[in-house]
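Data block below; observations after.
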Amino acid sequence: MRYEYTITDHEDKKETVKAMSWKKMFKNLLVRNPKFSGWVTYMNKKGNAQTKVINEGKVVYKPEGS
C-alpha cells in the first residue's frame with residue numbers, strides 16, 4: 001500500500017489503515033461506519049502532514065491548498 005492513514009474518532013480511539021488513495025480509504029471507512037465523525041491524518045507524496053476532519057460522513061475541513 002502506498003499511504004498510511006491514522007483514523008481517530010471523537011472518543012480518541014486510533015486506528016491505522018493502509019490504502020492506495022484517499023478516495024479508497026474514505027470509501028472503505030464509510031462502508032464500515034456511514035455516520036463516522038472524527039479526523040484522518042496522513043503524509044502526502046511530498047511528505048507534508050495532512051489532516052481532514054469528518055463530521056457525520058462528510059469532510060468538513062480541508063487544509064489550505066487541498
Side-chain angles (χ1 to χ4, degrees):
M1 294 294 149
R2 186 170 180 181
Y3 298 105
E4 191 170 296
Y5 300 90
T6 303
I7 302 168
T8 309
D9 63 4
H10 286 296
E11 298 168 359
D12 288 333
K13 293 181 186 172
K14 291 187 178 184
E15 176 185 358
T16 302
V17 175
K18 292 185 179 183
M20 290 299 290
S21 69
W22 163 258
K23 275 176 113 173
K24 289 182 181 186
M25 185 282 308
F26 189 60
K27 183 177 178 181
N28 187 23
L29 177 65
L30 294 182
V31 165
R32 289 185 287 147
N33 186 1
K35 296 291 183 176
F36 177 80
S37 292
W39 57 93
V40 178
T41 305
Y42 67 99
M43 299 292 279
N44 67 7
K45 65 183 177 183
K46 293 186 178 181
N48 298 322
Q50 301 292 307
T51 301
K52 299 195 181 206
V53 178
I54 302 167
N55 188 19
E56 303 239 347
K58 297 185 189 253
V59 177
V60 294
Y61 172 75
K62 291 185 181 178
E64 301 285 330
S66 293

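Predicted model, so just to flag it, every value in this text is computed and none were measured.
Within the 4.5 Å cutoff, the side chain of Val17 has no heavy atoms near those of the Leu29 side chain.
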Donor-acceptor list for residues 37-47 side chains, cut-off 3.5 Å, not counting sequence neighbours:
| from | atom 1 | to | atom 2 | distance (Å) |
| --- | --- | --- | --- | --- |
| Ser37 | OG | Asn55 | OD1 | 3.3 |
| Ser37 | OG | Glu56 | N | 3.0 |
| Asn44 | OD1 | Lys46 | N | 3.1 |
| Asn44 | OD1 | Gly47 | N | 3.1 |
| Asn44 | OD1 | Asn48 | N | 2.8 |

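In this structure, OH in Tyr3 is found 12.0 Å from NZ in Lys24, a value given to the nearest 0.5 Å. Of the inter-residue distances, the one linking Lys58 atom NZ with Phe26 atom CZ reads 9.0 Å to the nearest 0.5 angstrom. Between Thr8 atom OG1 and Lys13 atom NZ the span is 12.5 Å, to the nearest 0.5 Å. Note that the CG atom of Leu30 and the CD1 atom of Ile54 stand 7.0 Å from one another [nearest 0.5 Å].
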Side chain to side chain contact (heavy atoms under 4.5 Å, CB included) evaluation trace for Val53 with Val59: CA-CA 6 Å; Val53 178; Val59 177; over 6 Å; no

Side chain to side chain contact (heavy atoms under 4.5 Å, CB included) between Ile7 and Met25, worked out: CA-CA 10 Å; Ile7 302 168; Met25 185 282 308; 3.9 Å; yes

Step-by-step side chain to side chain contact (heavy atoms under 4.5 Å, CB included) determination, Thr16 to Glu4: CA-CA 7 Å; Thr16 302; Glu4 191 170 296; 3.3 Å; yes

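Judged purely by atom type and a 3.5 angstrom limit, Tyr5 has no side-chain atom pairing as donor or acceptor with the backbone of Ala19.
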